[in-house]
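Worksheet: the structure to be examined is printed underneath.
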Amino acid sequence: MSSGKPGAKFHPKRIRPSIKKDAINPQDYLKYDFRTSCEDCSHFDSKNESCTLGYNTAPHRKAQQEHDYNITGMIAQCRFIEID
Ligand code: SF4
């Protein structure tokens, strides 16, 4: 695929957007009991460890969120999380 201009650099089109992570204030992270993981969500099937809506749970699992937060101070939060 070419942009049509001679010498132009090729930039492949991104097929899927990357996951946006939200920064959380460290004081808030330590003070509050965050319920933002799949394990807290009504749509999480703990037996099969999957999302009943069909979403990829990997970035929103508690262990992954804790790992991301410890490394970057940010976590990926699912926009479809539902807490009863
Ligand atoms: S809706 Fe989102 S938070 Fe809930 S189980 Fe599915 S992927 Fe996880």
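Atoms within a ligand are numbered from 1 in the order they appear, just like the ligands themselves. Scope of the values below: all heavy atoms of this structure, side chains included, with no hydrogens, waters or symmetry mates.
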The complete set of ring-ring contact (aromatic ring centres under 6.0 Å, His included) pairs with one or both residues in residues 53-84, sequence neighbours excluded, reads Y29-Y69, Y55-F80
Whether R79 and D22 form a salt bridge (side-chain N of Lys/Arg under 4.0 Å from carboxylate O of Asp/Glu) is what I want to check. yes
Once salt bridge (charged side-chain N to carboxylate O under 4.0 Å, His left out) is applied, do any residues pair with E82, and if so which ones, sequence neighbours excluded? none
Partners meeting side-chain contact (heavy atoms from CB on, under 4.5 Å) with D33 (sequence neighbours left out): R35
Note on atom 4 (Fe) of ligand 1: protein N/O/S atoms within less than 2.8 Å are C41 SG
Can you check whether D68 reaches M74 side chain to side chain, under 4.5 Å on heavy atoms? no
Would you call I75 and F34 a side-chain contact if the rule is heavy atoms closer than 4.5 Å? no
